[in-house]
Number of protein chains: 2
Amino acid sequence: MTDDFSLGAVETALSPLERFEEYLQTKGKRITQPRRRIVEEVFRQHDHFDADQLMASIAKSPGIEKVSRPTVYRALEVLVEAGLLRKMGLGGRAVYEHDYGYPQHDHMHCQACNQLIEFHSDDIQRIRDAVGRQHQFRVTGHLLIINGVCRDCMRKQQRQRGDRLDRI
Amino acid sequence: MTDDFSLGAVETALSPLERFEEYLQTKGKRITQPRRRIVEEVFRQHDHFDADQLMASIAKSPGIEKVSRPTVYRALEVLVEAGLLRKMGLGGRAVYEHDYGYPQHDHMHCQACNQLIEFHSDDIQRIRDAVGRQHQFRVTGHLLIINGVCRDCMRKQQRQRGDRLDRI
DNA sequence: ATTTATGCAAATCCTTTGCAAATCT
DNA sequence: AGATTTGCAAAGGATTTGCATAAAT
């Protein structure tokens, strides 16, 4: 997978931080310490998170100084503008995930444990674009969340049902 | 289309209000004036709305007394439980739409005028269920919103670009 | 030096809750 | 009568804003 023409290689040419700095420069915005801390923490690992979780993980990272809540929110907004993060509303609050150097995917949301499970489907994208064409709607993206109960939680529920029956 | 076995005929056998009253009875809940007003206003026409808009439209309906905000929220919750309404988070606030006697559909959301445009696709449902099966995820529903710019807003944007050029 | 970003405190928005009075069954 | 529902006022949680200070260009 060292093909220079592979999408992955092109998209990941710059690190998230480099890509972000590039964006900031083109917009006349500034590369500050808080912003650097935030980007580093955000891309330390791939995971979904909200503003609170991000604040918390920055706060408890050893050596990294904390960042105020407004600054976190403001930085997240810029990161979305920059195309580094994707934002989605989930049960009241905003949840963010990587949108840079990470393959297109959608989510299943477990209504029992609140977990987000990623999956990929080329078909979705195809249908999405076809629908847009039919309605003369310029598609820029989509949000698909499949609701239900994940495998683990289904097992737990089955156990509970079993327990109940045992007691009768 | 007077086929007794058609889904449409079966699903729409009861009016929304009747269906709601039925639900309330089975749950030992009560059929009150505020609830009746809310259901009537909600199903007066098919449209997406939020709690505020509903409050407002009830308030300005002649002859219909206003309903308090908490009551509106509480009634909407029950209507969702009852399967009469579907709730979706959109840009911070909750938006509701008919889910009774109304065919399955998804939405395109125009980021310019904030309008929701409905569309239908059997494929989406098929893919959704297939994905669930693959991941041993029990699917209960989904939310699909295609983001972009609607036809009308695209025209407006083109006009503006044209104007700008004219001035040069 | 100038402009933008930060942090604090307070505000805002949407939604929910506690509780006494009103309304159903 | 007895239970649920309403409306009010107030609380709550997430996110945003005004403004003086700090940091970046």
Side-chain angles (χ1 to χ4, degrees), chain A residues 17-18 20-42 48-59 64-82 85-97 114, chain B residues 17-18 20-42 48-59 64-82 85-97 114:
Chain A
L17 183 55
E18 289 169 333
F20 188 46
E21 293 182 341
E22 186 185 72
Y23 174 82
L24 291 174
Q25 284 180 351
T26 65
K27 293 288 180 179
K29 291 172 187 281
R30 289 171 184 181
I31 301 161
T32 63
Q33 283 309 320
R35 281 178 176 164
R36 247 193 280 271
R37 276 177 233 143
I38 289 168
V39 176
E40 274 168 22
E41 187 58 43
V42 161
H48 304 91
F49 63 92
D50 61 21
D52 256 321
Q53 294 170 325
L54 179 54
M55 281 247 305
S57 65
I58 290 174
I64 303 178
E65 291 158 87
K66 75 182 279 286
V67 179
S68 74
R69 191 177 298 280
T71 297
V72 166
Y73 276 103
R74 286 185 280 230
L76 287 171
E77 197 180 341
V78 181
L79 283 165
V80 170
E81 282 170 28
L85 288 183
R86 183 176 313 177
K87 178 183 185 175
M88 58 183 146
L90 196 69
R93 78 204 192 296
V95 175
Y96 300 84
E97 64 171 359
N114 211 37
Chain B
L17 183 54
E18 288 168 334
F20 189 46
E21 294 182 341
E22 185 186 72
Y23 173 83
L24 291 174
Q25 283 180 351
T26 66
K27 294 288 181 181
K29 291 171 186 283
R30 289 172 183 180
I31 302 160
T32 63
Q33 283 310 318
R35 282 178 175 163
R36 247 192 279 270
R37 276 176 234 144
I38 290 168
V39 176
E40 274 169 22
E41 188 58 42
V42 162
H48 305 91
F49 63 92
D50 62 20
D52 256 322
Q53 294 170 326
L54 178 54
M55 280 247 305
S57 65
I58 289 174
I64 302 178
E65 290 159 86
K66 74 182 278 285
V67 179
S68 75
R69 190 176 299 280
T71 297
V72 166
Y73 276 102
R74 287 185 281 229
L76 286 172
E77 197 181 342
V78 180
L79 283 165
V80 170
E81 282 169 28
L85 287 183
R86 182 177 313 177
K87 177 183 184 174
M88 57 182 149
L90 196 69
R93 77 206 193 291
V95 175
Y96 299 83
E97 64 171 0
N114 211 38

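Below, chains carry the letters A, B, ... as their sequence lines are ordered, and counting in each starts from 1.
Contact between B/V72 and B/A51 at its shortest, heavy atoms only, is CG1-O, 4.1 Å. When all heavy atoms of B/A75 and B/I38 are compared, the pair lying nearest together is CB-CD1, 3.4 Å.
The CD-P distance, from B/E65 to C/dA22, rounds to 15 Å in whole Å. Distance, B/Q25 CD to C/dC24 C1': 12 Å, rounded to whole Å. For the pair B/M55 CE and C/dT16 P, the computed distance is 14 Å after rounding to whole Å.
Applying the side-chain hydrogen bond (donor to acceptor under 3.5 Å, both in side chains) rule to pairs touching residues 65-74 of chain B yields B/D52-B/R69, B/S68-B/T71, sequence neighbours excluded.
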query = Just by protein heavy atoms under 4.0 Å, how would nucleotides 4-12 of chain C read 5' to 3' in B, S and -?
reply = BSBBBB---
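Screening B/L79, B/V39, B/V78 against B/L85 for a side chain to side chain contact (heavy atoms under 4.5 Å, CB included) leaves a single residue, B/L79.
We find the CZ-CE distance between B/R93 and B/M88 to be 10.0 Å, quoted to the nearest 0.5 Å. Interatomic distance, B/D50 CG to B/L90 CG, rounded to the nearest 0.5 Å: 10.0 Å. Of the inter-residue distances, the one linking B/E97 atom CD with B/H48 atom NE2 reads 4.0 Å to the nearest 0.5 angstrom.
Contact annotation: B/Y73 side-chain N/O to C/dT16 OP1/OP2 distance is not under 4.0 Å.
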Side-chain donor-acceptor pairs under 3.5 Å in residues 20-31 of chain A, sequence neighbours left out?
residue : atom : partner : partner atom : Å
A/E21   : OE2  : A/R36   : NH1          : 3.0
A/Y23   : OH   : A/E81   : OE1          : 3.0
A/T26   : OG1  : A/Y23   : O            : 2.7

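For A/E18, the side-chain contact (heavy atoms from CB on, under 4.5 Å) test picks out A/L14, A/S15, with sequence neighbours left out.
Axis orientation changes by 30° from one end of the helix from C/dA1-D/dT25 to C/dT25-D/dA1 to the other, with each end axis drawn from 5 pairs and the value rounded to 10°.
Bounding nucleotides for the chain B contact on DNA chain D, 5' to 3', at a heavy-atom distance below 4.0 Å, are D/dG2 to D/dA9.
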task = Kindly indicate, with the supporting measurements, whether the criterion side chain to side chain contact (heavy atoms under 4.5 Å, CB included) is fulfilled by B/L54 and B/E41.
result = CA-CA 8 Å; B/L54 178 54; B/E41 188 58 42; 3.9 Å; yes
